Amino acid sequence: MNTFDLERLLLAAWPARETTSLHGWTVLTDGGVTGRPNAVSPLAFHGKLGEAIAAVQSHYTARHMRPTFRIARGACAPVDLPEVLISHGWKPTQETLVMTAPLADALSRLPSVEGVVLSETCPPAVDAIIRETSASAVEYEERRGLALRTPHPRAFAMIGDSDNAQAIGLSVIVEGQAAVFLMRTHPAHRRKGLARRVLAGLLGWARNNGATGAFLQVEADNKPAVSLYEAAAFKSVYSYDYWREETIP
Ligand SMILES: CC(C)(COP(=O)(O)OP(=O)(O)OC[C@H]1O[C@@H](n2cnc3c(N)ncnc32)[C@H](O)[C@@H]1OP(=O)(O)O)[C@@H](O)C(=O)NCCC(=O)NCCS
């Protein structure tokens with residue numbers, strides 16, 4: 001699967017509240033807090049570049065949001081967009097890896113699933129972890145909305161009891177590929193193998209529901225998470241950055 005295909009799957013698996021098109025670019029708008037659903041995904045393009053960039057600036061500033069592009073290395077239209085943005089004072093930040101694994105390889109590296117509860121709807125204990133790990137009420141609302149908007153088939157996974165989750169995750173199958181989101185272990189329960197079990201639960205569910213591969217995104221400097229995924233046979237296939245105008249000091 002090439003980078004353009006993976007980017008399209010990513011957009012389908014994690015839909016923003018509003019998706020519009022500007023000059024062929026996909027413009028995502030949500031609560032303005034997290035990265036992916038509040039950025040332009042430039043996968044196809046027509047028209048004049050200067051006008052298109054100005055239209056993006058107007059779109060976000062009208063909503064009191066910072067204009068942002070999310071540009072995948074190796075899948076960007078037009079190809080000279082990064083160069084043009086640099087010349088206008090935009091900068092890339094927050095490098096994020098896209099990692100993939102064949103399900104058979106990942107499952108052969110993961111433990112057998114014990115105590116992982118799967119559910120198509122978001123259990124209250126999972127919702128509570130999303131709230132506790134969000135920095136603000138607005139961030140919680142955005143993350144919760146995104147999780148509830150994910151397409152089916154999907155599975156929320158948790159370890160814990162109905163009042164108190166220790167670790168959670170979410171998988172969504174799009175076109176036979178399992179996207180993995182929301183991997184979180186409560187700080188008091190880290191490094192006990194819980195995330196590894198959650199991942200095993202999600203990927204086992206995905207295989208039973210017809211998926212053959214898995215993909216996920218992780219910030220390049222998130223060493224614990226990158227180690228977790230590498231140990232489960234995931235490999236980085238490309239990365240993307242968020243591009244924003246440098247603020248004047
Ligand atoms: C990433 C996260 C989910 C890992 O949860 P966890 O339950 O502590 O992970 P596990 O105990 O199952 O660890 C499995 C493997 O991951 C790697 N790992 C986990 N935490 C690590 C750390 N702090 N440093 C290095 N490697 C780490 C190790 O390879 C570990 O295996 P080992 O303990 O046998 O060496 C957890 O740190 C977390 O919730 N972080 C904040 C949210 C986040 O960043 N989520 C990922 C978004 S992509």
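As the structure lists them, so they are numbered: ligands from 1, and atoms in each ligand from 1. For clarity, every value in this text was computed on a predicted model and none was experimentally measured.
- What sits closest to atom 9 (O) of ligand 1 on the protein, heavy atoms only, is Ala195 CB, 3.5 Å.
- A pairwise comparison of heavy atoms in Gly204 and Leu107 identifies N-CD2, 3.7 Å as the closest pair.
- Atom 7 (O) of ligand 1 has Thr185 OG1, 2.8 Å as its closest protein atom, hydrogens excluded (heavy atom only).
- Here Tyr229 has side-chain heavy atoms under 4.0 Å from ligand 1, and that is the only part of it that gets that close.
- Using cut-offs of 30° and 60° for the angle between ring planes, the His23 and Trp25 rings count as tilted.
- The ligand atoms of ligand 1 that sit less than 4.0 angstrom from a heavy atom of Lys192 are 11 (O).
- Considering each of Arg184, Arg190, Glu219, the one bringing a non-hydrogen atom nearest atom 40 (N) of ligand 1 is Arg190.
- In summary, Glu141 and Arg17 do not engage in a salt bridge, as defined by a charged side-chain N under 4.0 Å from a carboxylate O.
- Contact check on Asp105 versus Arg109 returns no salt bridge, with no Lys/Arg side-chain nitrogen under 4.0 Å from an Asp/Glu carboxylate oxygen.
- For atom 2 (C) of ligand 1, no protein heavy-atom neighbour is present inside the 4.0 Å cut-off.
- Considering Arg191, His189, Lys223, Gln217 only, the shortest heavy-atom separation from atom 22 (C) of ligand 1 involves Arg191.
- The salt bridge (Lys or Arg N to Asp or Glu O under 4.0 Å) contacts involving residues 172-184 comprise nothing, where partners must be two or more places apart or lie in separate chains.
- Protein heavy atom nearest atom 11 (O) of ligand 1, with residue, atom name and distance: Gly193 N, 2.7 Å.
- Looking at heavy atoms from C-beta onward, Leu43 lies in side-chain contact with Leu11 at the 4.5 angstrom threshold.
- Of the listed options Met183, Arg196, Glu230, Met183 places a heavy atom closest to atom 45 (N) of ligand 1.
- Atom 44 (O) of ligand 1 has its nearest heavy-atom neighbour, among Asn222, Leu228, Leu194, in Asn222.
- Shortest contact from atom 18 (N) of ligand 1 to any protein heavy atom: Pro224 O, 3.6 Å.
- The residues Arg149 and Asp30 are annotated as salt-bridged, a charged nitrogen and a carboxylate oxygen being separated by less than 4.0 angstrom.
- At a threshold of 4.0 Å, the pair Arg73-Asp241 counts as salt-bridged, since one of the basic side-chain nitrogens sits closer than that to a carboxylate oxygen.
- The option from Ser227, Pro111, Ala167 that lies nearest to atom 29 (O) of ligand 1, judged by heavy atoms, is Ser227.
- Close approach of ligand 1 to Ala225 (heavy-atom distance below 4.0 Å) involves ligand atoms 1 (C), 46 (C).
- Residue-environment remark: NE2 (His64) stays at or below the threshold of 12 foreign heavy atoms within 6.0 Å.
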